[in-house]
Amino acid sequence: MAGDGVKLEESWKQALEKEFGEPYMAQLKQFLLAEKQAGKRIFPKGAEYFRALDLTPLDEVKVVILGQDPYHGQGQAHGLCFSVQPGVRIPPSLVNIYKEMEADLGIPPARHGFLEHWAEQGVLLLNSVLTVEEGRAAAHQGKGWERFTDAVIRTVNDECDGIVFILWGSYAQKKAAFVDTERHLVLKSAHPSPLSAHNGFLGSRPFSKTNAYLSSIGKDPIDWKLPDSV
């Protein structure tokens, strides 16, 4: 899949080479082709399936934030969890992320939901499932993406040191349960969704905790403030 119009950043391509040779990835590719041939619209576009990996090379990862599925509305998804394309209304979970960032760091909420500035600094914004059908939330769960993204997380866990894993909600916490907490910092809280944000997400201060840890091990902190315009 990485070689047929879906480009992948070289360090990840090498680290995940074995996964691309596995039968489940061939089956996933066939599934996506069949869906497109049936006239279904798939988000994000093919060149952005691996956008999170392309923007954050393996040797530059400092932080991992796990999401679940891409947004399934027109023009939203572009390959980074919680992020939407410029000009798109900020989703409710991201509104709460911005609220917590303001309470934690004093950074006023951005007027857009485009998070590439974080990704370019080493924040791997990884969804568990990397594609979705338009208008059908979670339509591509159980097709193989979860196994692939498990391999991504395992690669970071095994090959990197001093990574901050930010796990919002039970789904992310279960998916990354194997992360070595002696070598990495794992921050857990409720999900920022409006349904659960008041159950422990708001007030959890993940941004300042992340930067304090990175500074303590000699890494540059993340500049969480997003550019005014994109």
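None of the values given here were measured: they were computed from a predicted structure.
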When you measure from the side chain of [X] to the backbone of [Y], do you find a donor-acceptor pair of N or O atoms at a distance under 3.5 Å?
X	Y	answer
Asn157	Asp180	yes
Trp145	Ser128	no
His78	Glu48	no
Gln76	Gly73	yes
Asn199	Ala190	no
Ser11	Pro57	no
His140	Asp69	no
Arg41	Gly135	no
Trp12	Thr56	yes

Quick check: closest heavy atoms across [X] and [Y], and the distance to 0.1 Å?
X	Y	result
Pro192	Asn96	O-ND2, 2.8 Å
Phe201	Glu100	CE2-CB, 3.7 Å
Ala52	Leu80	CA-CD2, 3.4 Å
Phe114	Pro86	CD1-CD, 3.4 Å
Pro92	Pro194	CB-CG, 3.5 Å
Gln173	Trp168	NE2-C, 4.4 Å

* Asked: Are there more than 12 heavy atoms of other residues, nucleotides or ligands under 6.0 Å from atom CZ of Arg89?
  ->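 Atom CZ in Arg89 is not packed in, count stays at 12 or less.
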* Asked: Is the count of non-hydrogen atoms from other residues, nucleotides or ligands lying under 6.0 Å from Lys219 atom NZ greater than 12?
  ->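 For Lys219, atom NZ is crowded (more than 12 foreign heavy atoms under 6.0 Å).
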* Asked: So, Gln121 versus Asp223: side-chain donor-acceptor pair below 3.5 Å or not?
  ->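 Result is no, nothing qualifies.
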* To do: Consider only side-chain N and O atoms of Thr131 and Lys143, and report whether a donor and an acceptor are under 3.5 Å apart.
  =>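 Looking only at side-chain atoms, Lys143 and Thr131 do not form any donor-acceptor pair under 3.5 Å.
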* To do: Supply the atom-to-atom distance Leu187 CG to Thr210 OG1, rounded to the nearest 0.5 angstrom.
  =>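 Answer for the CG-OG1 pair, Leu187 versus Thr210, is 5.0 Å.
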* To do: Measure the spacing between CZ of Arg147 and CD of Glu19 and express it to the nearest 0.5 Å.
  =>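 CD of Glu19 is found 6.0 Å from CZ of Arg147.
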* Might you work through the side chain to side chain contact (heavy atoms under 4.5 Å, CB included) test for Ile153 and Leu66, ending with a clear yes or no? => CA-CA 9 Å; Ile153 299 165; Leu66 287 183; 3.8 Å; yes
* Asked: Which is it for Phe50 and Glu9 under the side chain to side chain contact (heavy atoms under 4.5 Å, CB included) test, yes or no, and what are the steps along the way?
  -> CA-CA 9 Å; Phe50 302 110; Glu9 190 276 330; over 6 Å; no
Answer yes or no: is there a side-chain heavy-atom contact under 4.5 Å between [X] and [Y]?
X	Y	answer
Asp150	Lys175	yes
Phe148	Leu130	yes
Lys29	Leu32	no
His117	Val230	no
Val84	Ile90	no
Ile65	Cys81	yes
Leu53	Leu16	yes
Leu115	Val123	no

* To do: May I ask you to check whether Phe82 and His191 place their ring centers less than 6.0 Å from one another?
  =>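 Aromatic pair counts; centres sit under 6.0 Å.
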* **Listed partners of Arg154 passing side chain to side chain donor-acceptor pair (under 3.5 Å), at least two apart** =>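 Side chain to side chain donor-acceptor pair (under 3.5 Å) list for Arg154, sorted by chain: empty.
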* To do: List the steps, then state whether side chain to side chain contact (heavy atoms under 4.5 Å, CB included) holds for Val156 with Leu58.
  => CA-CA 7 Å; Val156 175; Leu58 177 58; 4.2 Å; yes
* To do: Please test Ile97 against Trp224 for side chain to side chain contact (heavy atoms under 4.5 Å, CB included), starting from the C-alpha separation and ending with a verdict.
  => CA-CA 11 Å; Ile97 290 169; Trp224 295 104; over 6 Å; no
* Taking only Lys NZ, Arg NE, NH1 and NH2, and the carboxylate oxygens of Asp or Glu, determine whether Glu116 and Arg51 approach each other closer than 4.0 Å. =>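 A salt bridge is present here (some side-chain N lies under 4.0 Å from a carboxylate O).
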* Asked: So His184 and Phe165, would you call those rings parallel, tilted or perpendicular, with 30° and 60° as cut-offs?
  ->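 Geometry flag for Phe165 against His184: perpendicular rings.
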